[in-house]
Amino acid sequence: MITFENVSKFYDNQTALRKISFSVERGEMAFITGPSGSGKTTMLKLIYMAEKADEGRINVNDMELSQLRESDVPVLRKNIGIVFQDFRLLDNINVFENVAIALRIRGVDEREVKSKVFDALKLVSLRHKTDSYPTALSGGEQQRVAIARAIVSEPVIILADEPTGNVDPDTSAGIIRTFKEINARGTTILLATHNRELFKNSGKRVLKLDFGNFAGEEIG
Amino acid sequence: MSMSYSFRLAFQSIIRDKWVNLLAVLTIAAGLLFTAVTVLTVFNVNLITREIPKKFSVNVYLKENLQKQEIDNITATIKKEPSVENIKFIPKEDAWKELKSSLKNTEYILEGLNENPLPDTLEIKLKKDSINPDAVKKISTMLKQIKGVSEIEYGEKFLSSIYSLSLGIKTIGLTLIIIMSAGTLFVCYSTVKILFYRKNREIETYKFLGATKWFIRFPFLIEGATIGLCGGFLGLLGLLILYYFVLLKVGSTFPIFSSFVFPLNMSYLLPATGFVLGVIGAVIAIGRIRY
């Protein structure tokens, strides 16, 4: 589903990723871990093409990213649900509309939008915050809205960048449980986190990064 | 993407950022109003100067004691000239009477003149496009060569002055219109750009979520068009108020203003220009969407 072959990424003279190779199978849930600045976010950005690799090959959902035309980038991204580290919620629209965007971009019928959004918000326990605006929510709630937006369109891949960065341990465990449920339906999930507690005893594969270098993998 | 969703997004955004949008509307309205006032002034001044040549004529003074047949022949020769609109024969007696009546209170000037010194005259009106110094000089040279013609008079200096004045007004007016339009375009573009610059992060988020270029662009274009259109209508309203003020208030003191004309096509040109400005501003401000 996701394959990196000798992928490198440089920013000016800094090396963000150096000859990274790994693959995540279809329907797998895996973690990327490493300290801050180790290249976790860059790795995710390369997958949804917010950044382009300087060296190597990346294949996502049978799409060779280096060969992808600009007009096909939205097609790639429609197959991916992303939980951004900074959430990227739109402050000018309410929670319902923020989640619904993902469906409207995909051209889902308006009659289906309502029920799908409510289901997604129920899954992250925010059904009661439908009409609230992001600025009125706590950091943890905003994060859960971002998760609802990522899962609502039932994408084949979910990428989550520090999805529990702003929540307490209980909510954190709840979020991971939600991801596991979604994964059980066959969705491929790649989670980037520096929090070891998240993948400890998860039984999932953990890819380790250390300042842009691949530092092996383990089972959490 | 449904159109209604794009319209909803656009109008939500207009209402949400109402103060910034109002500023943009006012800027466009003011810019268009200034340009329209310049256009209207130039248009009217040009209209007035265009009326003056209608009174212009070339006087052909005939030699003494010409027979009617000879005068008819001269008239026929002149009529063949394509730049001639019409010819009026003024007998010397009529000219003498007219001179006398025009000198009603200063008749003593004519004392001592025992007989009518004025010649028979052919008054020639030229076609509108032939009233310029070069063309008139050319026809005057041709007229002089006709047998029986004594002298030609057409107010050479007057024609040159009117022609220069008209040309000057056109040049200054056109320059003013270009400067005003460029200024308006720049101010409107800057305002709309600022408006959309604030939306950069929103646009980026849409891109990351898989939105196509048109899904992103369309609401912004609707927003830009609506702002431009509102600015255009507001500018038109301002222009109409100003026009009636000039016509009714200033016109009563200075009669020349009461003949000011308001071209009807201004009433759709102004909103249409606002619409185009808003769309162009939005297109430039959003820029090329790259993935």
Side-chain angles (χ1 to χ4, degrees), chain A residues 41 44-45 47-52 61 65 68-94 97-113 133-135 145-146 149-153 155-157 159 161, chain B residues 1-25 191-224 226-227 282-283 285-291:
Chain A
T41 301
L44 296 183
K45 281 183 172 176
I47 296 171
Y48 64 89
M49 282 191 85
E51 300 284 356
K52 283 182 183 153
N61 197 29
L65 299 195
L68 211 62
R69 286 175 307 176
E70 203 191 351
S71 57
D72 288 330
V73 175
V75 180
L76 167 83
R77 289 177 182 167
K78 276 177 188 164
N79 285 310
I80 304 173
I82 310 164
V83 182
F84 301 96
Q85 195 170 14
D86 55 355
F87 321 138
R88 281 191 173 272
L89 298 179
L90 304 180
D91 292 338
N92 44 42
I93 50 177
N94 65 23
E97 292 296 335
N98 261 290
V99 178
I101 286 174
L103 296 171
R104 289 187 172 126
I105 282 173
R106 287 161 178 81
V108 175
D109 193 281
E110 276 302 310
R111 281 166 293 189
E112 280 182 63
V113 168
Y133 281 79
T135 43
V145 176
R149 186 179 62 188
I151 63 175
V152 71
S153 60
V156 288
I157 300 167
L159 305 175
D161 196 357
Chain B
M1 175 187 56
S2 72
M3 290 285 276
S4 60
Y5 180 63
S6 294
F7 275 97
R8 189 148 59 92
L9 273 186
F11 290 117
Q12 273 173 354
S13 174
I14 288 170
I15 293 164
R16 190 180 59 239
D17 298 326
K18 52 186 173 293
W19 297 116
V20 187
N21 288 326
L22 186 67
L23 183 74
V25 168
T191 314
V192 181
K193 191 165 174 72
I194 291 167
L195 203 68
F196 289 112
Y197 184 74
R198 295 156 19 108
K199 297 173 193 276
N200 266 356
R201 192 173 160 79
E202 197 174 324
I203 291 172
E204 203 177 54
T205 304
Y206 277 124
K207 282 197 302 193
F208 289 157
L209 294 177
T212 57
K213 289 178 183 178
W214 276 107
F215 185 98
I216 299 167
R217 268 196 204 115
F218 212 62
F220 291 125
L221 292 185
I222 296 171
E223 200 174 331
T226 310
I227 290 168
V283 168
I286 299 165
R288 207 178 153 230
I289 297 173
R290 288 181 163 276
Y291 288 104

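Residue numbers start from 1 in every chain, and the chains themselves are labelled A, B, ... in the order their sequence lines are given, proteins ahead of strands. Just so it is clear, the values below take in all heavy atoms, side chains as well, and ignore hydrogens, waters and symmetry mates.
For B/L209 against A/F84, the heavy-atom pair with the smallest separation is CD2-CE1, 4.2 Å. The shortest heavy-atom contact between B/F208 and A/I82 is O-CD1, 3.5 Å.
A side-chain donor-acceptor contact under 3.5 Å links A/R77 to the backbone of B/K207.
Comparing A/R149, A/E97, A/E70 by how many heavy-atom pairs each has under 4.5 Å with chain B, the most go to A/E70.
B/E202 CD to A/I101 CD1: the interatomic distance, rounded to the nearest 0.5 Å, is 7.5 Å. Separation of atoms CG (B/D17) and CG (A/N92) is listed at 7.5 Å; rounding is to 0.5 Å. Taken from CD1 in A/I105 to CD1 in B/I216, the straight-line distance is 7.5 Å, to the nearest 0.5 Å.
Proximity to chain B is limited to the side chain of A/I93, based on heavy atoms less than 4.5 angstrom apart. Heavy atoms closer than 4.5 Å to chain B are found in both the backbone and the side chain of A/A50.
Using a 4.0 Å cut-off between charged side-chain N and carboxylate O, A/D86 and B/R201 make a salt bridge.
Under the rule for a side-chain hydrogen bond (donor to acceptor under 3.5 Å, both in side chains), the partners of A/S153 that lie at least two apart in sequence or sit in another chain are A/R106.
When side chains are defined from C-beta on, B/T212 counts as touching A/K78, because their heavy atoms get closer than 4.5 Å.
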